[in-house]
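Chain A is the first sequence line, chain B the second, and so forth, proteins listed ahead of strands; every chain is numbered from 1.
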There are 2 protein chains.
Amino acid sequence: MATIYDVARRAQVSAATVSRVLNGRETVDPALAERVLAAVGELGYRRNAVARNLRKQQTSLWAVIISDVENPFFTSMVRGIEDVASAAGCSVVLCNSDENPEKESRYIAVALGEQMAGVIISPSSDRVEDLNLLSSSGCPVVMVDRELKGVRGDAVLVDNENGAEEATAHLVEQGYERIACITGPQRASTATERLRGYRNALEAAGRRANDTLIRMANFRADGGHDAMASLLDEQQPPDAVFVTNNLMTVGALECLVERRLDIPGDVALVGFDEVPWADLVRPSITTVAQPTYEEGRAAAELLARRIAEPDRALTRQILRTSLRVRASSTSHP
Amino acid sequence: MATIYDVARRAQVSAATVSRVLNGRETVDPALAERVLAAVGELGYRRNAVARNLRKQQTSLWAVIISDVENPFFTSMVRGIEDVASAAGCSVVLCNSDENPEKESRYIAVALGEQMAGVIISPSSDRVEDLNLLSSSGCPVVMVDRELKGVRGDAVLVDNENGAEEATAHLVEQGYERIACITGPQRASTATERLRGYRNALEAAGRRANDTLIRMANFRADGGHDAMASLLDEQQPPDAVFVTNNLMTVGALECLVERRLDIPGDVALVGFDEVPWADLVRPSITTVAQPTYEEGRAAAELLARRIAEPDRALTRQILRTSLRVRASSTSHP
DNA sequence: GTGCCACGTCGTAGATGGTTGCCATGGTGC
DNA sequence: GCACCATGGCAACCATCTACGACGTGGCAC
């Protein structure tokens, strides 16, 4: 592997000059610059990023730590991030914490150790210190989808409470009586906010949320499945269910199909998060859609700005959701 | 940020001793080691991975370059890779080439520049040189899902030809007459192999593949949709379609739903690759399932072995697919 | 008892590859 | 002839690892 010294020798200049040419400084004689470029081409020289990072004390790598790489919600967000990053000349490395605080910590340590330029994360633990360690070491943090109070970092969120309220109000309007809610783990801000929206909507309709109709699951398909089963086994099962994320919606749907229940005749269904196949499933599924690509974009733009101006005031962007009414919630037209 | 010298000063030893303790060498007095560890704790010292990588000329990072982060096939594979990597004490960084040769090249350059320990890739271009540059620089390459001839690297594939043959033979058995095929871009080995399997099965049944019933699309949903539309607009449209990847199957399905065609009454459908929602769609979709998690596992294990023994002979593992017959292909029982 | 050798342990110094502040040099303009 | 500017080289620096050598101690042999 050729080094900058090999290039310098071949171009008959010093390594400093090679470095200047490669970094596009103006103070180099064009003739020399050409010799350098020629030598680079002949030797197939590629700059050693590790050495460069060490000297410059930073990289052009962004870490994106998401909690489930198999969830289309996150992968769509990643696309938004990537587009901004490549426009900024940075590369994105994706880390899958898998809702596992241990793995998340490991990836945070990697981002720190590798001196990544910044981190975009949807926290799956509540370890505030880990993230503050990052930001206090000069590695900016942007939270996306979920917020962790006390973390010094920007955030891009959606109006979960409002979205959940709209979804629940829609079920109320459609005449459903016993509306259940399957939400996620308590440590996820999305889970508690969406539950709150659900409660608000019921109260606005003059009803009270019934704890026997509320389940906390793990944001995964199996959790949605089991929660649905447990709801159906209640003495008074629900006639409608609001599920607060897409994978749990899939699980709940599977459970309903297994039991040969009619949707929305026996049980109506509304999910949070859009899924690519929402229109293919029979019946098609009503969802609270999030602007996933936009969330990614916004988070990436915040990161880029913070890298440019580390001392900016912290910002917190809230995007809006939109209810997409489909067949799974409209039996009573 | 504390350095190894700060630790050394505090523990009253030399930096070399700190390094030895941190790397678990035996040749250090236990009392000194304890002092070092105490100093590390008190200072909150974390080793600078960049400097370490520079000195050691390698990292413990694996790059996984996939061609579509929104495809569940790849994300499931990534899980298999991660499990092996973390057992080996390595971290996985995921790079999304998005079927874009430019982006792929950029990520390969990053892997090279950052001196990653190895690369697992599902190539989306046919630039053999890029990959050989990696392997000749001492960064081992493992291809997964797709093979690129001429690349010095291990490979984990599935028996595409056989899987496609089984799928097509199944449609023949079910009595379909005009069986079409929607396959992927020619540069992807998976696309051509699956097309070959399709042809083989037709010939084995004493028929000949009809070029007006074959389409090459882009492995994405829109491509599948347009190819399906174009097939349906033929003077003699097909009564069955074999689609060679999951996203195109979704697109084809959308097209059939739009045109209010009955599946499998008007057109039968068999897809390649399992999708999480295959059982939720009505009718459920017959697929050729791949052992995705196992593919990831196998690729990761090959990489780990090659890092340990760089001079091993190249290997090429072929896994088997399995046909999952569901409702979309069984109108003639 | 003494001298030598071996071995365990630790520090010094150089190496990894690239960047950049500072200074020297040479040329040009006034 | 002097001053200034453009340009390029020297050397320090980033944080860590490790080969080599030094030092001390213990054991063994004479």
Side-chain angles (χ1 to χ4, degrees), chain A residues 1-37 39-40 43-61 109-117 137-139, chain B residues 1-37 39-40 43-61 109-117 137-139:
Chain A
M1 206 67 195
T3 75
I4 203 171
Y5 293 100
D6 301 323
V7 176
R9 201 171 317 124
R10 188 170 188 108
Q12 315 236 44
V13 295
S14 78
T17 303
V18 177
S19 172
R20 280 189 273 256
V21 172
L22 263 32
N23 290 298
R25 304 210 177 255
E26 266 96 75
T27 64
V28 177
D29 189 294
L32 281 199
E34 198 162 331
R35 254 162 52 202
V36 168
L37 261 16
V40 165
L43 292 172
Y45 167 77
R46 336 197 105 216
R47 163 162 71 193
N48 182 323
V50 181
R52 174 170 221 251
N53 298 342
L54 176 60
R55 179 59 233 235
K56 300 201 72 164
Q57 300 282 65
Q58 59 153 325
T59 69
S60 59
L61 253 36
V110 168
L112 196 57
E114 302 279 341
Q115 317 231 85
M116 303 244 180
S137 310
C139 175
Chain B
M1 205 68 193
T3 75
I4 202 171
Y5 291 103
D6 301 322
V7 176
R9 202 171 315 125
R10 188 169 188 108
Q12 314 237 45
V13 295
S14 77
T17 302
V18 177
S19 173
R20 279 188 276 256
V21 171
L22 262 32
N23 290 298
R25 306 215 176 252
E26 321 283 292
T27 65
V28 177
D29 188 296
L32 281 198
E34 198 163 332
R35 257 166 45 207
V36 168
L37 261 15
V40 166
L43 292 171
Y45 166 79
R46 335 197 107 219
R47 162 161 72 194
N48 181 323
V50 181
R52 172 171 226 250
N53 297 342
L54 176 61
R55 180 58 233 240
K56 299 201 71 163
Q57 301 280 61
Q58 58 152 325
T59 69
S60 60
L61 252 37
V110 168
L112 197 58
E114 302 281 339
Q115 318 234 84
M116 303 244 181
S137 309
C139 174

For A:Val18, report the nucleic acid contact type (base, sugar-phosphate, nothing); a contact means any heavy atom under 4.0 Å.
nothing
Rounded to the nearest Å, what distance is computed from the CZ atom of residue B:Arg35 to the P atom of nucleotide C:dC10?
9 Å
Contact class for A:Leu22 vs. all strands (heavy atom < 4.0 Å): base, sugar-phosphate, or nothing?
nothing
With the side chain counted from C-beta on, respond yes when B:Glu114 and B:Leu61 share a heavy-atom pair under 4.5 Å apart, and no when they do not.
no
Determine whether B:Val21 and B:Leu32 make a side-chain contact, defined as any pair of heavy atoms from C-beta on separated by less than 4.5 Å.
no
Mind calculating the distance between CG (B:Asn53) and C1' (C:dT16) to the nearest angstrom?
11 Å
Assign B:Arg47 to base, sugar-phosphate, or nothing according to its heavy-atom contacts below 4.0 angstrom with the strands shown.
sugar-phosphate
Identify, between B:Ala16 and A:Ala15, the residue whose nearest nucleotide on DNA chain D lies closer to the 5' end.
A:Ala15
Just to be sure I understand the rule, does A:Val50 reach a base, reach only the sugar-phosphate, or reach nothing, if contact means heavy atoms closer than 4.0 Å?
nothing
Whole-Å distance between C:dG11 P and B:Asp29 CG?
11 Å
Would you check if A:Arg47 and A:Ile4 make a side-chain contact, meaning some heavy-atom pair closer than 4.5 Å?
no
OP1 or OP2 of C:dG18 versus the side-chain N and O atoms of A:Tyr45: is any pair under 4.0 Å?
yes
Distance, rounded to the nearest Å, where A:Gln58 contributes CD and D:dC13 contributes P
21 Å
Which pair of non-hydrogen atoms, one from B:Val18 and one from B:Ala8, has the smallest distance, and what is that distance?
CG2-CA, 3.7 Å
Taking only side-chain nitrogens and oxygens of B:Arg52, does any of them come within less than 4.0 Å of OP1 or OP2 of D:dA15?
no
Figure out the CZ/C1' separation between A:Arg25 and D:dA6, and round it to whole Å.
15 Å
Are any of the side-chain heavy atoms of A:Leu22 and A:Val40 separated by less than 4.5 Å?
yes
When you measure from the side chain of A:Asp29 to the backbone N and O of A:Ala31, does any donor-acceptor pair fall under 3.5 Å?
yes
If you go through the side-chain atoms of A:Arg55, does one of them form a donor-acceptor pair with the base of C:dT19 closer than 3.5 Å?
yes
Do the side-chain N or O atoms of A:Arg20 get closer than 4.0 angstrom to the phosphate oxygens (OP1, OP2) of D:dG9?
no
Give a yes/no answer on whether the side chain of A:Thr17 brings an N or O atom under 4.0 Å of OP1 or OP2 in D:dG9.
yes
Side-chain N,O (A:Gln57) to OP1/OP2 (D:dA15) below 4.0 Å
yes
Checking all strands, does B:Thr3 fall into the base, sugar-phosphate, or nothing category for heavy-atom contacts under 4.0 angstrom?
sugar-phosphate
Length of the line joining B:Asn48:CG and C:dT16:P, which is rounded to integer Å:
19 Å
Length of the line joining B:Tyr5:OH and C:dT12:P, which is rounded to integer Å:
10 Å
Gap between atoms NZ and C1', on A:Lys56 and C:dG17 respectively (whole Å)
14 Å
Distance test, side-chain N/O of A:Gln115 to OP1/OP2 of D:dC14, below 4.0 Å:
no
Could you check whether B:Asn23 gets within reach of a base, just the sugar-phosphate, or nothing at all, counting any heavy atom under 4.0 Å?
sugar-phosphate
